[in-house]
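Structure record follows, encoded as structure tokens.
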Number of protein chains: 2
Amino acid sequence: MKLNTKSRYAVMALADMAVFSSDNAVSLRDISLRQGISLLYLEQIFLRLKKNNIVKSVRGINGGYILVKSPKELKISDILSALDQKVKTIGCKKDSKKSCNGKSTKCITHNFWDELDIHINSFFENKKLSDLLKNREARI
Amino acid sequence: MKLNTKSRYAVMALADMAVFSSDNAVSLRDISLRQGISLLYLEQIFLRLKKNNIVKSVRGINGGYILVKSPKELKISDILSALDQKVKTIGCKKDSKKSCNGKSTKCITHNFWDELDIHINSFFENKKLSDLLKNREARI
DNA sequence: ATATACCCGACTAAAATAGTCAAGTTTTTG
DNA sequence: CAAAAACTTGACTATTTTAGTCGGGTATAT
């Protein structure tokens, strides 16, 4: 049960921005160097973050990205959904044809999976970007 | 963020056993028919459940599998760990070389991922197989 | 002008997943 | 005792997902 790297890197990169911004835009190059994430990969990730209005971009020299909301207001769940990282712990839906077909004997565990999804989602809903920065260790 | 089918089928199959047992062993063939899971696949799954002492087997005609513990005592987390379904939402460990290397600036989100793992694991720790059967809808 | 940095779709290699196959062994029952 | 039911086990394979790269852009500050 894993999170994909796109989501992880997105959270890392945005946390990095929250720490290192200071009004001016933060370039992907800087994030790439600090966090050790490929620049090309970051571009792909930020493309999606931008489309989903998590960040806005500033083009040209000294350009980069800026957080749309403050870290205090940015929910982790917003970041994950920007990257299509759905928390749907199983593939089978009550009313889907695939692998379950909705008969009660066939998938007697449905309610359980639903509860699980809710449990995990509520974690992401209740965490803000700023929460991640609180107890980090000394930085460079 | 998904659970693999092995884990899902394992939980389904064990729930099926809890419902349909009645002292005698439950054959994989019956589970396969009721739950619509490939018999061959179930064999693979039960091999692991047996190795991890979740079920015991009865060979020969009228054989099958029996739950080692009662559904009230069987934790879902036991089932998942029997199938190596670790809840480790990210690949990078504080002291690993890979993708993170432990420097505080590089992975400022570590505490967060740890919290997430704990959050999910506690869900599985606190659920018993019997809990899944409580609010299931009418069966055949 | 030109270097810096964002923009964007297409592509690919590697890993994980889901599931099958083959070739057994054990035990009950007719 | 023969035969069928049912467990045992490792190896194999096709498909899907993931992670990450490539190439060729466009915008803008200096």
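So that the names make sense, note that chain A is the first sequence line, chain B the second, and so on, each numbered from 1.
Here the two rings, on B:Phe46 and B:Tyr41, have centers that are 6.0 Å apart or farther.
Listed for the A:Asp131 side chain is a donor-acceptor partner under 3.5 Å among the backbone atoms of A:Lys128. Without hydrogens or angle criteria, A:Ser81 side chain to A:Ser77 main chain gives a donor-acceptor distance under 3.5 Å. Here the side chain of A:Asp16 pairs no donor or acceptor atom with the backbone of A:Met12 at under 3.5 angstrom.
Counting only heavy atoms from C-beta outward, the side chains of A:Asp78 and A:Ile54 approach each other to under 4.5 Å.
Within the 4.0 Å cut-off from OP1 or OP2 of D:dT8, at least one side-chain nitrogen or oxygen of B:Ser57 is found. Between C:dT4 and A:Ser27, no contact under 4.0 Å exists linking OP1 or OP2 to a side-chain N or O. Using a 4.0 Å cut-off, no side-chain N or O of B:Ser38 falls inside it from OP1 or OP2 of C:dG19. Distances shown here put a side-chain N or O of B:Tyr65 below 4.0 Å from the OP1 or OP2 atom of D:dT8. At the phosphate of C:dA18, neither OP1 nor OP2 sits under 4.0 Å from any side-chain N or O atom of B:Tyr9. Distances shown here put a side-chain N or O of A:Thr5 below 4.0 Å from the OP1 or OP2 atom of D:dG20. Within the structure, a side-chain polar atom (N or O) of B:Lys50 is placed less than 4.0 Å from OP1 or OP2 of D:dT8.
As rounded to whole Å, 12 Å separates atom C1' of C:dT17 from atom CD1 of B:Ile45. B:Leu28 has its CG atom 15 Å from the C1' atom of C:dG19, to the nearest Å. Between B:Tyr41 atom OH and D:dT15 atom P the separation is 16 Å, expressed in whole Å. Note: CE (A:Met17) to P (C:dA5) measures 14 Å, nearest angstrom. Computed from coordinates, the A:Arg48 CZ to D:dA19 C1' distance equals 12 Å when rounded to whole Å. Protein atom CG of A:Leu42 is 16 Å distant from nucleotide atom C1' of C:dC8, rounded to whole Å. The CD atom of A:Glu43 sits 15 Å away from the P atom of D:dG24 (whole-angstrom rounding). Rounding to whole angstrom units, CG of residue B:Asn4 and P of C:dA16 are separated by 12 Å.
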Pairwise N/O distances under 3.5 Å, protein to nucleotides 11-13 of chain D:
none

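Pairs of residues two or more places apart, or lying in two chains, that qualify as side-chain hydrogen bond (donor to acceptor under 3.5 Å, both in side chains) and include a residue from residues 59-72 of chain A are A:Ser70-A:Glu73.
Between B:Phe112 and A:Phe124, the ring planes are tilted. Angles from 30° to 60° get that label.
Between A:Gly60 and B:Val26, the residue anchored closer to the 5' end of DNA chain D is B:Val26, taking for each the nucleotide with the nearest heavy atom. Between A:Val58 and A:Leu40, the residue anchored nearer the 5' end of DNA chain D, judged by the nucleotide with its closest heavy atom, is A:Leu40. Judged by closest nucleotide on DNA chain C, A:Asn62 is the one of B:Ile61 and A:Asn62 placed further toward the 5' end.
One donor-acceptor pair, N or O on each side, does fall under 3.5 Å between the base of D:dT26 and the side chain of A:Arg59.
Each of A:Leu14, A:Leu42, A:Val68 was scored for a side-chain contact (heavy atoms from CB on, under 4.5 Å) with A:Leu49, with one residue passing: A:Leu14.
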